[in-house]
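Below: one structure, written as structure tokens.
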Amino acid sequence: MMMPGGGPGGPGMSMGSLAFDEFGRPFMILKDEMMQNRLTGTDAIKSHIIAAKAVANILKTSLGPKGLDKLMVSADGDVTITNDGATILKQMDVDHQVAKLMVQLSQSQDDEIGDGTTGVVVLCGALLEQAEHLIDKGIHAIRIADGFELAAQCAIKNLEKIADEYKIDPSNTENLVRTAKTTLGSKIINKCHDQMARIAVDAVMAVADLETRDVNFELIKVEAKVGGQMEDSMLVKGVIIDKDFSHPQMPKQLKDVKIAILTCPFEPPKPKTKHKLDVQSVEDYKQLRAYEKETFEKMVEQVKETGANLAICQWGFDDEANHLLLQRELPAVRWVGGPEIELIAIATGGRIVPRFQELSAAKLGTAGLVREMTFGTTKDKMLVIEECKNSKAVTIFLRGGTRMIVDEAKRSMHDALCVVRNLVRDNRVVYGGGASEISCALAVSKEADNIKTIEQYAFRSFADALEQVPLALAENCGLPPIETLTDIKSRQVSENNAALGVNCMELGSCDMKEQYVIETLHSKKSQIQLATQLVKMILKIDDIRSPADM
């Protein structure tokens, strides 16, 4: 509705203004300010800080071995119970722009490192909380951001100074197991974390290339099945597929197997173009049936001629073909997915065959044993392909009482695998339980005394933010947080021992080196760098424009 005066807002408020470019051509600058919400300056930064703190406070209680789990219910009623920071944030329904950045922060930590997703968000929230105090003192946001950047560099130098080096030895993997156990200590599967840690280490060492210090995760498949106990989980040096033999009368166990891996269907070839077939008499139908049977027999014969005694097919085949395979004593598996087909080919040293005409003895895969596993009373079946030619393809098979426990076990196993991989790539470690954070806080505070500019305030605030991690750990374990922190700080200085941390499990010693609470240096450095980068970005935003309905 146009009001007198030309604009929707009354006299003097036009819909736009006329301007001219350098060549004198007129153009309109339209205004839609009335349709937008706008926050500027300190108000904008403070709104960001409040949102980020809210997200960090949700995750703070999930930190550490005594951290609590969160129950997430999706829109369609699926329930997830987890204390993995990335999973919690991914499943939260977040609207605020900066809260979405926090979700991406934990996701990037998960993608890059695989562990420390809760700690990175807690640290980011603590840094923003400290930045708020500095803004209230009148310090400019850019000076705070620059100070935090310098403090992060100082903390990373200190981490490299206090880091220990672990020797990666395939014959003695105890150090790797201890690091994996630290990761699994805060998970729901911690009752058998020793077994899970060994499974994770054995899986990574089976596929690791120690010369190039690389681990190909595509060779490690994690398969899970509801039912049984968590202790029934195992590592298979081969491939497990969630299928069974196509006919119930086929043998349940095969030895010295030669496998034909087919991506072509067991059926008569069809024209590529649209076609129509008219069957006008019984003879025509019999001819068609005879042609189909002949085609099936020819296909089975081609597979048998190569010496194959197991066919694994990506596509299905009908009952007639299935019966023929049984008669010709050629066991087969149908409807095997693409990723599984590739993994079977890698493990058995076979080639994937797209046409029957290309099938030859040289393209067959070999395996020492193929057996069918059955579970409980449900008659669920799975196939295990073991003793493969290429032992670098492995499968971790997880069991658990309920779907939620199995899903959480999969997430926990992913974290453990990532930590062991990081240690293979960079074998330096720091000590957990907040020990490395306290050591960095002391180093950053000491460096602040040497800075003559206003950035020294940011340095001290950065040190205070680092202390939020051990404080949260102590609080989650039921210890008095401030007393615990001050005691460890004074002991780290007096004993000159950077491995002293929060004794979460109350096992007597605060020395994390003795308790084997170990974290990779790569993970800790990444946490500090990613959190500081995001805080720096948030502090540089001084103007928010959003639609009025948001």
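Only heavy atoms go into these numbers, but all of them, side chains included; no hydrogens, no water, no symmetry mates.
Contact check on D214 versus R425 returns a salt bridge, with a Lys/Arg side-chain nitrogen under 4.0 Å from an Asp/Glu carboxylate oxygen. Ion pairing between a basic and an acidic side chain is recognised when a charged N comes within 4.0 Å of a carboxylate O; E160 and K157 show no such pairing. Here D194 pairs with R198 in a salt bridge; the nearest charged N to carboxylate O distance falls below 4.0 Å. Ion pair D407/R403 flagged as a salt bridge, since at least one NZ, NE, NH1 or NH2 atom sits closer than 4.0 Å to an Asp/Glu carboxylate oxygen. Ionic pairing of D426 and R428 is present here: one or more N-O contacts between side-chain nitrogen and carboxylate oxygen are shorter than 4.0 angstrom. Between D115 and R421 there is no salt bridge, since no side-chain nitrogen of the basic residue lies less than 4.0 Å from a carboxylate oxygen of the acidic one.
Taking a 6.0 Å sphere around CG of D21, one finds it holds more than 12 heavy atoms contributed by other residues, nucleotides or ligands. Heavy atoms from other residues, nucleotides or ligands lying under 6.0 Å from CD1 of I482 number 12 at most. Counting heavy-atom neighbours within 6.0 Å of K53 NZ, excluding the residue itself, gives a total above 12. Heavy atoms of other residues, nucleotides or ligands lying less than 6.0 angstrom from CD of E218 number 12 at most. Residue Y166 qualifies as enclosed at atom OH: its count of foreign heavy atoms under 6.0 Å is above 12.
Between the side chain of N57 and the backbone N or O of A54, no donor-acceptor pair lies under 3.5 Å. The closest donor-acceptor contact from the side chain of S445 to the backbone of L442 lies at 3.5 Å or more, if one exists at all. No donor-acceptor pair under 3.5 Å is formed between the side chain of E475 and the backbone N or O of P481. The main-chain N or O of L63 is found under 3.5 Å from a side-chain atom of N476 such that the two form a donor-acceptor pair. Looking at S526, its side chain never comes within 3.5 Å of a backbone N or O of H522 through a donor-acceptor pair. In this structure, S233 contributes its side chain and R399 its backbone to a donor-acceptor pair below 3.5 Å. Judged by distance alone, with hydrogens and angles left aside, the side-chain atoms of Q492 form a donor-acceptor pair with the main-chain N or O of L500 at under 3.5 Å.
The two residues I113 and N422 have their closest heavy-atom pair at O-ND2, 3.0 Å. Here the shortest heavy-atom pairing between L105 and A531 reads CD1-N, 4.1 Å. Nearest heavy atom pair, residue N175 against residue T179, reads O-OG1, 2.9 Å. When every heavy atom of A180 is checked against every heavy atom of A197, the shortest pair comes out as CB-CB, 3.8 Å. When every heavy atom of T173 is checked against every heavy atom of M205, the shortest pair comes out as CG2-CG, 4.1 Å.
Here the CG-CG distance, from L219 to L343, works out to 7.0 Å after rounding to the nearest 0.5 Å. For the atom pair Y457 OH and I144 CD1, the distance stands at 12.0 Å (nearest 0.5 Å).
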Query raised in the report: Please walk me through it: do M230 and M196 pass side chain to side chain contact (heavy atoms under 4.5 Å, CB included)?
Result: CA-CA 9 Å; M230 218 178 276; M196 293 293 184; 3.7 Å; yes
Query - Worked check of salt bridge (Lys or Arg N to Asp or Glu O under 4.0 Å) between E223 and K410 - result: CA-CA 8 Å; E223 192 70 57; K410 273 181 101 167; over 6 Å; no
Query - Verdict with supporting geometry, R411 and D415, salt bridge (Lys or Arg N to Asp or Glu O under 4.0 Å) - result: CA-CA 6 Å; R411 285 189 287 269; D415 285 6; over 6 Å; no
Report task. Carefully, step by step, assess S439 and N158 under the rule side chain to side chain donor-acceptor pair (under 3.5 Å). Result -> CA-CA 8 Å; S439 173; N158 181 66; 3.1 Å; yes
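If you check the side chains of T118 and N83, you find no donor sitting under 3.5 Å from an acceptor. In the model, Q91 has no side-chain atom that pairs as donor or acceptor with a side-chain atom of S74 under 3.5 Å.
Considering only heavy atoms from C-beta on, Q515 comes within 4.5 Å of N503 through its side chain. The side-chain heavy atoms of Q130 and F462, taken from C-beta on, include no pair separated by under 4.5 Å. Considering only heavy atoms from C-beta on, L89 comes within 4.5 Å of V55 through its side chain. Using a 4.5 Å heavy-atom cutoff, the side chains of K90 and S106 are not in contact. K489 places a side-chain heavy atom less than 4.5 Å from the side chain of E467. Side-chain contact between T532 and Q153: absent, with no pair of heavy atoms (C-beta onward) separated by less than 4.5 Å.
Checked against K70 for a side-chain hydrogen bond (donor to acceptor under 3.5 Å, both in side chains), the options T61, T82, T80 give a single hit: T61.
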